Amino acid sequence: MTGTSPHVTSLANASPAFESELGSVTLVDATALPILSGLSIKHVALEPGAIREPQWNVNANQIGYCLSGTVLVSILGNADVFSSFVVAAGQMYHVESGAVYHLENVGDDRAEFILALRDERPRHFSLRDSFSAMTDAVLGNTYDLPASAFAAFDRAPAQQIVRRTGAADVPSTAGLPNAHLFDIEGQHPPLSYAYGDARLARKQYWAALEDISMYSLRVKESGMREPHWHPVTGEMGYVEKGHARMRVLDPDGTLDEYLLGPGDVYFVPSAFPHHIEVIGEDEIHFLIFFDQAMPADIGYRATASAFSREVLAASFGMPERDLPRFPFTPVDPLFVARANPSDPVR
């Protein structure tokens, strides 16, 4: 990573917002990456027996991708809409803004998640802090108990990650299909080529999504994500594996090119042209989040087929006879083969 680009920063090297022997929570929001708009990202790590305490987001729907481990997710939505299910590596979960939920490591290994939130400055409440805000009398009235029943409550601030005592209580129904759960890596890739594939967590395949989505994108050294842009759709990417080069054009004509490595986060505002290619490795794996449930995409390849050669020649200021023979492309392929040698890394 260059370290000087306004489009990119490192989630892996960011200072945790919370850290203890039980795990950590690390955030990249608009404070850390000012160009962010409508999206932010967290890394959550939970050691065995650790619980990400019950909480709810104030201003953001959330989707999470499990990098490793086995986690129980419990959610209470509107009134009495309750869900409890197990998420394993390569699977995702969705929580609506305002729904109270928890994450609990129920496996024997460390669990890690990448979370995307639908606001550049997400806010949340914890269950512990919300109880502490009410008096013993108010809590007693709520539960038909005397105020003294809550005298032992410790009203210290919430710790975000706490330790479970005893064995995990996993409901017998936690393994059943659930609308909040999506097995993205178990999906047959809707877009698959010899040099790359994309698994798609978007509303077309995951009905629970309303204003956020994710692509699990793998590109081999023999291919390239073609130059493209996303109408009315911002893009935030996380590098799970490999090294890549990315180039972004800003409306003022500024060209930003930077290198990406594991743990890096980038953001491309809506309709900014950009492209991605592998550098120095056999394959890259990106988790790419969008601020729409069905992200739009326009590629350079189809764009060259949308206009006559006369229009293109006039636009590029050259004789029509000197234009390349653009292949007719009614539908963009997303990936293209990389037949030419890579440009030198600057």
Side-chain angles (χ1 to χ4, degrees), residues 1-14 28 32-37 39 41 43 65 67 114 116 189 191-200 214-230 233-290 295 297-304 324 329 332-346:
M1 192 184 74
T2 63
T4 59
S5 168
H7 293 274
V8 62
T9 189
S10 173
L11 180 61
N13 295 332
V28 168
L33 189 61
I35 199 172
L36 283 177
S37 177
L39 288 166
I41 191 167
H43 175 271
Y65 178 96
L67 296 171
I114 294 296
L191 298 172
S192 182
Y193 306 87
Y195 34 79
D197 60 57
R199 291 169 171 83
L200 312 178
M214 193 203 83
Y215 288 5
S216 178
L217 188 76
R218 290 174 173 86
V219 185
K220 298 183 183 297
E221 192 276 336
S222 57
M224 187 182 76
R225 177 67 170 102
E226 70 157 326
H228 63 285
W229 65 93
H230 303 288
T233 306
E235 173 182 326
M236 179 181 68
Y238 172 80
V239 184
E240 196 276 326
K241 173 189 173 184
H243 293 82
R245 171 168 51 196
M246 195 163 186
R247 177 174 285 198
V248 180
L249 178 65
D250 284 48
D252 64 1
T254 302
L255 184 62
D256 190 18
E257 184 176 284
Y258 46 85
L259 301 181
L260 295 164
D264 284 345
V265 173
Y266 70 83
F267 183 78
V268 180
S270 63
F272 280 35
H274 57 286
H275 102 295
I276 305 169
E277 62 178 317
V278 180
I279 294 294
E281 307 239 353
D282 292 334
E283 183 181 78
I284 56 174
H285 180 207
F286 280 25
L287 308 180
I288 301 180
F289 300 93
F290 302 98
D297 189 290
I298 297 177
Y300 278 35
R301 185 160 173 143
T303 299
T329 308
D332 263 307
L334 200 81
F335 299 102
V336 294
R338 189 161 69 173
N340 296 298
S342 297
D343 296 315
V345 176
R346 294 185 296 176

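As the structure is a computational prediction, the values presented were derived from the model and not from experiment.
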S.K.: For the residue pair Pro262 and Ala12, what are the closest heavy atoms and their distance?
M.R.: O-CB, 4.4 Å

S.K.: Ignoring hydrogens, what is the shortest heavy-atom contact between Pro269 and Ile35? Give both atom names and the distance.
M.R.: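 So the two residues come closest at CG-CD1, 3.9 Å.
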
S.K.: Mind listing the closest non-hydrogen atom pair of Asp256 and Pro6 along with its distance?
M.R.: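 Closest approach of Asp256 to Pro6: OD2-CD, 3.5 Å.
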
S.K.: Under a 3.5 Å cutoff, is there a donor and acceptor pairing between the side chains of His7 and Asp250?
M.R.: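 Yes, side-chain donor-acceptor contact under 3.5 Å.
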
S.K.: Is any side-chain heavy atom of Ile114 closer than 4.5 Å to one of His43?
M.R.: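 When only atoms from C-beta onward are counted, Ile114 and His43 do touch, with a gap below 4.5 Å.
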
S.K.: Test of understanding: with salt bridge (charged side-chain N to carboxylate O under 4.0 Å, His left out), list the residues that count as partners of Asp197, not counting sequence neighbours.
M.R.: Arg199

S.K.: Distance check, rounded to the nearest 0.5 Å: Ser192 atom OG versus Leu334 atom CG?
M.R.: 11.5 Å

S.K.: Identify, with sequence neighbours excluded, every residue that meets salt bridge (charged side-chain N to carboxylate O under 4.0 Å, His left out) alongside Glu277.
M.R.: Arg245, Arg338

S.K.: I need the Met224 CE to Tyr195 OH distance, nearest 0.5 Å.
M.R.: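 Spacing of CE (Met224) from OH (Tyr195) equals 10.0 Å.
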
S.K.: Given side chains that start at C-beta, do those of Ile288 and Met214 come closer than 4.5 Å, heavy atoms only?
M.R.: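 A side-chain contact under 4.5 Å is absent here.
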
S.K.: Under the side-chain contact (heavy atoms from CB on, under 4.5 Å) rule, collect the residues that match up with Val219, sequence neighbours excluded.
M.R.: Leu217, Val278, Ile284, Phe335

S.K.: Can you name the closest pair of heavy atoms from Pro295 and Thr233 and give their distance?
M.R.: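 Answer, listing the atom of Pro295 first, then Thr233: CB-CG2, 3.8 Å.
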
S.K.: Specify the closest pair of heavy atoms between Ser5 and Tyr258, including all atoms of both residues, with the distance to one decimal.
M.R.: OG-CD2, 3.4 Å

S.K.: Quick one: are the ring centres of Phe289 and Tyr238 less than 6.0 Å apart?
M.R.: no

S.K.: Taking the side chain as every heavy atom from C-beta outward, state whether Phe286 and Tyr215 have any atom pair closer than 4.5 Å.
M.R.: no

S.K.: Using atom types as modelled and distance alone, determine if a side-chain donor or acceptor of Asp332 lies under 3.5 Å from a backbone N or O of Gly299.
M.R.: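 Yes; judged by distance alone, with no hydrogens or angles, the pair exists.
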
S.K.: What I'd like to find out is whether the side chain of Thr9 reaches to under 4.5 Å of the side chain of Asp264, using heavy atoms alone.
M.R.: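 A side-chain contact is absent here, since even the closest heavy-atom pair is not under 4.5 Å.
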
S.K.: State which residues pass side chain to side chain donor-acceptor pair (under 3.5 Å) with Asp282; sequence neighbours excluded, sorted by chain then number.
M.R.: none

S.K.: Any side-chain heavy atom of Trp229 sitting closer than 4.5 Å to one from Ser270?
M.R.: no

S.K.: List in chain and number order the residues that pass salt bridge (charged side-chain N to carboxylate O under 4.0 Å, His left out) with Asp297, two or more places apart in sequence or in another chain; answer none if no residue qualifies.
M.R.: Arg225

S.K.: Do Glu235 and Tyr266 meet the criterion of a side-chain donor-acceptor pair at a distance under 3.5 Å?
M.R.: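 Tyr266 and Glu235 do have a side-chain donor-acceptor pair below 3.5 Å.
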
S.K.: Can you tell me which residue among Val28, Leu287, Val265, Val268 is in a side-chain contact (heavy atoms from CB on, under 4.5 Å) with Met236?
M.R.: Val265

S.K.: Which atom pair, heavy atoms only, marks the closest approach of Phe272 to Pro251?
M.R.: CZ-CD, 3.2 Å

S.K.: Which is it for Met246 and Glu257 under the side chain to side chain contact (heavy atoms under 4.5 Å, CB included) test, yes or no, and what are the steps along the way?
M.R.: CA-CA 6 Å; Met246 195 163 186; Glu257 184 176 284; over 6 Å; no

S.K.: Do His285 and Ser216 come within less than 4.5 Å of each other through their side chains, counting heavy atoms only?
M.R.: yes

S.K.: Should Glu226 and His275 count as side-chain neighbours, where that means a heavy-atom distance under 4.5 Å?
M.R.: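 Not in contact.
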
S.K.: What residues, two or more places apart in sequence or in another chain, satisfy ring-ring contact (aromatic ring centres under 6.0 Å, His included) together with His228?
M.R.: His230, His274

S.K.: Any side-chain heavy-atom pair from Val248 and Pro273 closer than 4.5 angstrom?
M.R.: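 They are not in contact (no side-chain heavy atoms under 4.5 Å apart), so the answer is no.
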
